[in-house]
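Take a look at the structure below.
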Amino acid sequence: MAIETYYPFQQSEPRWQRAWSEAGIFRANGDGTRPKSYILEQFPYPSGKLHMGHVRVYTIGDAMARFRRMQGFDVLHPMGFDAFGLPAENAAIKHDTQPGAWTERCIDMMREQLVRLGMSYDWAREVVTCRDDYYRWNQWIFIKLWEQGLVERRKAAVNWCPRCETVLANEQVINGRCWRHEDTDVDVRQLDQWFLKITEYADELLRDLDDKLAEWPNLVSAQQRNWIGRSEGALVKFKVKETGEELPIFTTRPDTLFGVTFMVMAPEHPKVQEWIKGQPNEPAVRAFINKIVHEGRERRTDEAAEKEGIALGLSAINPVDGREVPIWLANFVLMEYGTGAIMAVPAHDQRDFEFARKFEIPVRVVIQPEGVELSANEMTAAYTEAGVMTNSAQFDGMQSERAKGAIVEWLTGLKQGEPTVQYRLRDWLISRQRFWGTPIPFVYCDECGLVPVALDELPVRLPENARFGQGGNPLAGVDEWVNLKCSKCGGPARRETDTMDTFFDSSWYYLRYCDPKNTDLPFGAEAQTWMPVDLYIGGKEHAILHLLYSRFFTKALRDLGLIKLDEPFSRLLTQGMVLAEGTDPRSGERRFFKMSKSIGNVVDPGEIIEEYGADAARMFILFAAPPEKDLEWSPSGVEGISRFINRLWRYVQNNLTALRAGLAEGGAMTPAELTRQDDRDLLRQAHETTRRVTNDLGERAQFNTAISACMELLNALYAWPDRPEDPLARRLAAFATARLALLLSPFAPHLAEEIWHQLGAEGLAAAQAWPQFDPEALKVETVEIALQVSGKVRGHMSVGIDEDEDAIKQRALADEKVVAFTEGKTVRKVIYVRHKLVNIVA
RNA sequence: GCGGACGUGGCGGAAUUGGCAGACGCGCUGGACUUAGGAUCCAGUUCCGAAAGGAGUGGGGGUUCGAGUCCCCCCGUCCGCACCA
């Protein structure tokens with residue numbers, strides 16, 4: 001009689017969470033007696049509440065960490081909180097409190113939720129970036145980078161978000177809008193700001209994508225490559241005829257130099273202001289510049305935007321042939337790329353072509369494609385491909401690809417140019433005009449200028465009495481904090497009130513986990529033992545931002561002598577989003593969307609844990625899709641997993657006496673001890689499942705197939721005839737059940753413990769060695785093979801495992817189904833694939 | 001335009017090295033048990049066909065004894081970058 005029971009997760013889950021914590025089995029050791037494995041998930045912003053995306057990334061990481069730990073690795077699996085940032089400051093304004101208090105409350109709530117999910121973290125290593133035992137090291141690193149020449153304060157055109165009331169890094173501007181405010185255009189302002197010179201590492205950051213990060217997803221490497229944007233070309237020195245000054249340009253097409261018919265400068269180019277002063281066209285040019293600059297970068301860099309320009313009334317001399325060409329200003333030339341000025345070759349560049357046609361500037365063909373005669377007057381588009389050089393003096397007749405090098409070499413000899421490499425990557429603007437971040441540890445002294453705070457005076461703590469909601473940066477309003485005496489001269493000085501971008505905090509936190517209590521250094525030799533992170537798991541949205549900054553930090557810290565390491569994350573897994581069904585507010589269409597309040601399709605992990613338990617939530621998320629793909633949340637899918645859990649639970653309850661006895665009697669067995677075929681099949685399947693789950697959790701990281709293998713084993717247990725009175729069958733059932741518990745423990749750790757315990761097994765399941773499969777038990781005597789006639793399956797046949805190939809072929813040819821399809825035909829060929837099939841070609 | 005990912009039943013997804021397409025789960029259909037069933041257990045479920053059989057992995061071609069998988073062309077979806085000289 002079947003007992004109707006359900007797995008009592010409400011009682012079970014807290015019990016095992018307590019047991020794990022008391023046993024301390026998730027502590028990372030680091031004594032070098034076992035191989036290390038560093039498994040890390042991107043730490044959360046402490047909003048106070050986990051969302052499904054968090055559950056997904058942390059479940060994936062936890063399954064991996066538990067698996068590696070059971071495999072005998074010394075696993076470092078830490079957790080912390082990326083706790084500085086705007087939401088805390090906004091909460092402080094709204095609730096008239098301090099951001100620190102609000103943040104700490106949120107951290108406590110999130111930590112509790114993570115514990116309730118059964119995550120196996122080494123909580124003793126928790127890192128919280130808004131505490132001064134962490135951010136003092138931000139300040140320490142900042143000063144070290146400054147000493148190294150990698151920090152610079154300078155005036156520059158920067159992006160300003162009026163909603164955030166702060167500047168942003170280039171990486172935080174998306175289509176001209178703020179990354180946090182999709183509806184807010186950023187302004188460009190000229191401000192004095194702090195920069196980290198990431199561009200000094202552009203080449204290494206690019207190179208190592210290929211050399212050292214071959215295992216990263218192509219998507220991420222490609223996006224970083226694109227963002228760094230290396231182009232090879234030449235710097236060519238044009239000369240302004242009227243002033244005699246040099247006007248250098250960057251080009252990737254030196255082969256088109258003889259086709260230059262005009263030059264274009266960016267409207268903001270500083271030289272323009274000098275050159276037009278007092279000229280008759282000054283008012284017109286100024287009006288043009290104002291118009292373009294006020295248009296904003298968003299409109300201006302839109303490819304569809306109409307080309308606009310004005311002639312400067314000056315001319316430039318082309319160094320290759322001494323020709324004079326007019327200099328223009330145009331909206332499509334940007335100050336921040338190259339030299340802010342370009343040579344224009346309308347015949348061979350589409351932008352230049354459109355501009356030339358609009359303003360009736362001559363077109364000069366210097367590259368001819370094979371077989372076609374280009375005519376400057378009749379062209380309707382630029383010819384941008386390679387071809388044969390023409391109208392190019394001594395280079396005529398040369399292939400244009402070869403001419404690129406030849407022309408640059410010739411110009412270099414004449415000191416009129418040189419080969420050069422340009423990057424799209426800009427320096428990282430790191431300062432923010434906000435309160436809730438690491439104070440930049442510098443002081444402005446009237447006498448001594450810019451002075452770094454002495455290292456032994458760190459941390460520069462945030463004041464606890466700042467007032468919020470007054471507009472501007474609250475730090476600037478705390479007079480007793482801002483004003484101090486200069487440490488050098490004792491005169492009056494003011495603190496820098498800018499704080500650091502929170503991406504600074506997250507660029508090295510993975511190093512702090514290695515040595516979280518260090519009071520002398522941000523991290524010591526411990527980091528060398530644990531690094532690099534063996535598996536890093538996080539979202540694709542950080543493909544450029546966080547992942548590029550962290551790579552840069554690792555290289556910079558290496559060059560400061562803090563660690564011997566080139567790349568922080570050996571392997572990267574970018575997990576997909578969690579989607580749920582919702583109704584499109586515009587079209588009314590029902591489909592899957594990213595969970596959002598506005599669509600109303602948010603599923604709260606707290607409620608799911610409440611209703612189905614942490615293990616069901618974990619297993620569903622791992623089962624529903626491979627980790628890197630988007631996952632469609634399905635209520636009936638969660639039911640399905642819950643059904644599986646209860647089905648396993650019920651199996652154990654219904655057979656508990658026999659299973660306990662079977663385990664006490666020895667459990668494991670060899671195939672030789674079993675005589676019944678169904679027993680041997682079940683034993684084989686238990687080992688086969690072990691093999692598959694081990695393989696899936698290893699290199700493949702395919703949790704969905706691992707879980708389906710476990711489901712198959714349970715199905716097999718149900719199909720297998722229980723014989724509680726047969727000692728051998730008892731042992732077999734106990735072995736298979738205990739094995740299933742261990743194989744499931746990375747996914748459903750509480751259920752695994754509960755079953756392990758019920759069976760009467762010793763110790764904690766999470767602390768057991770990962771099960772091995774017995775190759776002997778995997779062996780079979782016979783195997784089903786397919787019989788094909790001309791590639792189509794026509795039947796099946798059982799063959800002995802060592803049966804002779806010729807014998808198999810003979811039997812296959814005699815098979816009645818085969819005969820039916822080969823009758824009257826000539827058998828031309830018989831192909832045998834061992835243990836798979838026979839294909840008879842007729 | 002450049003770069004990346006992808007396209008398999010009603011749905012999520014399997015198919016690991018070129019070898020039996022559709023594992024596992026959802027949903028659906030039928031049955032058992034039952035006062036009841038939205039519980040549980042059992043069976044079935046790619047499509048067409050009564051069956052034999054045929055068709056089938058976005059479309060078209062190719063290589064091969066054999067292609068979801070490799071090659072070429074095309075179509076479509078999603079993501080990133082984009083007047084970058």
Side-chain angles (χ1 to χ4, degrees), chain A residues 1-6 174-175 217-227 229 231 233 249-253 256 264 266 300-307 330-334 336-345 349-352 354-355 384 422-424 540-541 543-544 592 620 623-626 628-641 643-644 646-647 650 692 695-696 699-700 702 704-712 714-715 718-719 784-796 820 828-842:
Chain A
M1 191 72 234
I3 308 167
E4 285 183 24
T5 47
Y6 299 90
I174 298 152
N175 295 329
N218 290 337
L219 169 87
V220 177
S221 307
Q223 278 190 48
Q224 291 207 358
R225 218 171 276 126
N226 209 326
W227 187 259
S231 6
I249 58 98
F250 172 72
T251 180
T252 54
R253 294 293 306 273
T256 64
V264 189
R300 186 173 151 195
T301 56
D302 183 350
E303 200 170 353
E306 181 69 10
K307 304 248 176 308
N331 56 345
F332 69 91
V333 175
L334 308 171
E336 61 271 22
Y337 188 77
T339 64
I342 63 160
M343 67 180 209
V345 185
D349 180 285
Q350 187 57 27
R351 293 157 304 178
D352 299 349
E354 287 166 26
F355 194 86
T384 57
Q422 273 289 325
Y423 296 92
R424 213 188 71 109
K540 296 189 242 301
E541 67 276 15
I544 294 171
F592 282 90
F620 171 71
F623 181 66
E628 60 288 338
K629 284 188 68 172
D630 285 350
L631 180 155
E632 296 181 359
W633 184 267
S634 143
S636 53
V638 185
E639 295 272 1
I641 285 292
R643 202 137 55 211
F644 166 76
N646 285 315
R647 195 165 131 89
R650 210 170 293 119
R692 282 171 63 186
N695 187 25
D696 284 349
E699 285 306 297
R700 278 162 50 88
Q702 295 286 295
N704 51 341
T705 47
I707 290 171
S708 74
C710 292
M711 289 172 167
E712 285 179 73
L714 180 62
N715 290 344
Y718 267 86
E784 254 320 79
I785 65 165
L787 300 178
Q788 294 184 342
V789 178
S790 300
K792 284 191 196 297
V793 179
R794 297 301 182 182
H796 289 90
R828 284 187 288 137
K829 213 187 220 180
V830 180
I831 291 154
Y832 174 59
V833 182
R834 196 172 138 81
H835 297 168
K836 294 253 154 102
L837 54 80
V838 176
N839 187 11
I840 293 147
V841 187

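The sequence lines fix the lettering, A, B, ..., with proteins before strands; numbering per chain opens at 1. Note that these values count all heavy atoms, side chains included, but never hydrogens, waters or copies made by symmetry.
- Close placement of the A:Phe355 and A:Phe332 rings is indicated, their centers lying within 6.0 Å of each other.
- Of the nucleotides present, B:U45 is the one that pairs with B:G27 by Watson-Crick or G-U wobble criteria, both distances under 3.5 Å.
- A residue-by-residue look at A:Val793 and A:Lys629 shows that A:Lys629 has its nearest nucleotide of RNA chain B further toward the 5' end.
- Rounding to whole angstrom units, NZ of residue A:Lys540 and P of B:C81 are separated by 15 Å.
- Between B:A55 and B:U8, the distance separating the two C1' atoms is 15 Å to the nearest Å.
- Listed for the A:Asn704 side chain is no donor-acceptor partner under 3.5 Å among the backbone atoms of A:Phe623.
- Taking the C1' atoms as reference points, B:C75 lies 37 Å from B:U29, given to the whole Å.
- With C1' as the reference atom, B:C71 and B:G3 are 22 Å apart, rounded to whole Å.
- Anti is the classification of B:G54, since its glycosidic angle lies more than 90° from 0.
- For A:Gln788 (side chain) and A:Ile840 (main-chain N/O), no donor-acceptor pair under 3.5 Å exists by modelled atom type.
- Projected onto RNA chain B by closest heavy-atom contact, A:Glu632 and A:Phe250 fall at different nucleotides, the more 5' of which corresponds to A:Glu632.
- Residue A:Asn226 has no polar side-chain atom (N or O) positioned under 4.0 Å from OP1 or OP2 of B:C84.
- Residues A:Trp633 and A:Phe592 keep their aromatic ring centres 6.0 Å or farther apart.
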